[in-house]
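Presented below is the structure to which this report refers.
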Amino acid sequence: MPDSPRAAQFETLLAPILGSAYGVAFRLTGDRDDAQDLVQDAALRAFAAFETFEPQTHFKAWFLRVLVNCHLNRARSASRRPQTVPLDDGEDALLFEAARREGLMARGLDPADALLARFDADLVAAALGELPDDFRVVATLFLLEEMSYEDIAHIVECPVGTVRSRLHRARKLLQKALWELARERGLVEAQNWKSGRSE
Amino acid sequence: MHQFAQADFGVCGEFIRCLFRVARNFFTRGVLRGQKNEEFVMLLGILSCKETIARLDDYLDRELSPQEVRLVARHLKICHQCAKRFAFETELVEGLRRRLHRIEAPADLLEKIRTSLEAAETGAASHGNSNPQCGVLKDNQGSL
């Protein structure tokens, strides 16, 4: 435990949520070393602004807000051009329709389970990594931390309606990325990539 | 009729007023031509497939009100197609969560953070600054 009472108090609050923070950082950066670096950077920034933390509020949400800000600032300064968001989010219910076309609905199996059996953890992580930063942040907080729109809105500092629409688009983009990666790796039939309209 | 609908009759009065508005919409704006009437939907508990699917994301994100959850559940009981879609998307989210299982933080991470915080405090004290790293660690926008 640190000598300074301020540092000791900060560490007492940080220690129980460090695993969550590192998990989020890893999904945002996609790399263990970068994740560790991000958490350390966020901890220093949070400690510097510890006076602004209100003790009756949620430390985890406050710290994740700092961490997400650090990540977005790093991402913006790392890329010379602003990140583009694809105009085409992919079709609605892409994986549902794919499961239907592959006949998974009729085999008495759980179709989502049967489809997901082809997608391992690496593929899902890679698909999440394909999302533009703003979308990856909300998808990570929703999928990994199971946070509400309101909590996510507090962390990313935008209105709840924006979180709702980002999450909706992130879900579609994630399905599209999953299917494209699965197709590239030969895990699904190439002809089933085309939407139902072509069949 | 209009004055009657405006009168306060508690729940019964609200029901009559809503029926009045639905009837008025029916004749003046064309409910049968597919115009959405939320009041009618909420009052009678009827959701179309389109209205149910429109609530899918909020349902998955557990952001529907209890009343709307009941409306959706009522529709799913009688609509096999929508029920299959909801079950699929729900299981998909759960499956993705299982695959994105939490990565353990390195055992020495807390120790590294402690060292850097102590260094920050020592550095701040030697420069007579009570707020270590302040100004250095804040970003250009001045936010955290």
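Convention: sequence-line order gives letters A, B, ...; per-chain numbering from 1. Any value given below was found using the heavy atoms of this structure, including those in side chains, with hydrogens, waters and symmetry copies removed.
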Contact part of [X] toward chain B, heavy-atom cut-off under 4.5 Å: side chain, backbone, both or neither?
X	value
T140(A)	neither
L95(A)	both
A117(A)	backbone
A99(A)	side chain

Against chain A, label [X] side chain, backbone, both or neither, depending on which of its atoms sit under 4.5 Å from a heavy atom there.
X	value
R62(B)	side chain
E94(B)	neither
I53(B)	neither
E104(B)	backbone

So which of [options] has the largest heavy-atom pair count under 4.5 angstrom toward chain B?
options	result
F119(A), F26(A), F10(A), F96(A)	F96(A)
Q40(A), R100(A), R27(A)	R27(A)
S148(A), A125(A), A93(A)	A93(A)

(message) Assess whether a salt bridge exists between R171(A) and D57(B), defined as any Lys/Arg side-chain N lying under 4.0 Å from an Asp/Glu carboxylate O.
(response)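 Yes, R171(A) and D57(B) are salt-bridged.
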
(message) Please determine whether a side-chain nitrogen of the Lys or Arg among E11(A) and R114(B) lies less than 4.0 Å from a carboxylate oxygen of the Asp or Glu.
(response)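 Salt bridge present between E11(A) and R114(B).
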
Look up atom [atom1] in [X] and atom [atom2] in [Y], then write down how far apart they are to the nearest 0.5 Å.
X	Y	atom1	atom2	answer
L143(A)	R98(B)	CG	CZ	12.5 Å
L167(A)	D58(B)	CG	CG	9.5 Å
L110(B)	Y22(A)	CG	OH	14.0 Å

(request) Kindly indicate whether the side chain of E63(B), heavy atoms from C-beta on, has any atom under 4.5 Å from the side chain of E150(A). (result)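 Not touching, per the 4.5 Å side-chain cut-off.
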
(message) With heavy-atom distances below 4.5 Å as the criterion, would you say the side chains of F88(B) and L115(A) are in contact?
(response)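 Result yes, sub-4.5 Å side-chain heavy-atom pair found.
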
(message) Donor-acceptor check, side chain of E91(B) to backbone of D113(A), threshold 3.5 angstrom: yes or no?
(response)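 Not confirmed, E91(B) side chain does not pair with D113(A) backbone.
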
(request) May I have the step-by-step check of side-chain contact (heavy atoms from CB on, under 4.5 Å) for L128(A) and L96(B), ending in yes or no? (result) CA-CA 10 Å; L128(A) 190 64; L96(B) 292 175; over 6 Å; no

(message) Determine whether Q175(A) and E89(B) satisfy the following criterion, side-chain contact (heavy atoms from CB on, under 4.5 Å), listing intermediate values before the conclusion.
(response) CA-CA 11 Å; Q175(A) 290 204 10; E89(B) 300 290 346; 3.2 Å; yes

(message) Just so I understand: if I count every heavy-atom pair under 4.5 Å between each of D61(B), I113(B), L60(B), L92(B) and chain A, which residue has the most?
(response)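 Going by pairs under 4.5 Å, I would pick D61(B).
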
(message) Can you give me the closest heavy-atom contact between A105(B) and G19(A), atom names plus distance?
(response)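 In this case the closest contact between A105(B) and G19(A) is CB-CA, 4.4 Å.
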
(message) For Y59(B), is the OH atom crowded, meaning more than 12 foreign heavy atoms sit under 6.0 Å from it?
(response)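 No, not enclosed.
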
(message) Let's go through D122(A) and R99(B) carefully: what are the C-alpha distance in whole Å and the side-chain angles of both, what is the deciding distance for side-chain contact (heavy atoms from CB on, under 4.5 Å) to 0.1 Å, and is it a yes or a no?
(response) CA-CA 8 Å; D122(A) 284 347; R99(B) 278 157 183 77; over 6 Å; no

(request) Using the ring of F142(A) (Phe, Tyr or Trp, six-membered ring only), decide whether R97(B) places NZ or CZ under 6.0 Å from its centre and within 45 degrees of its axis. (result)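 Geometry flag: set, cation within 6.0 Å and 45°.
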
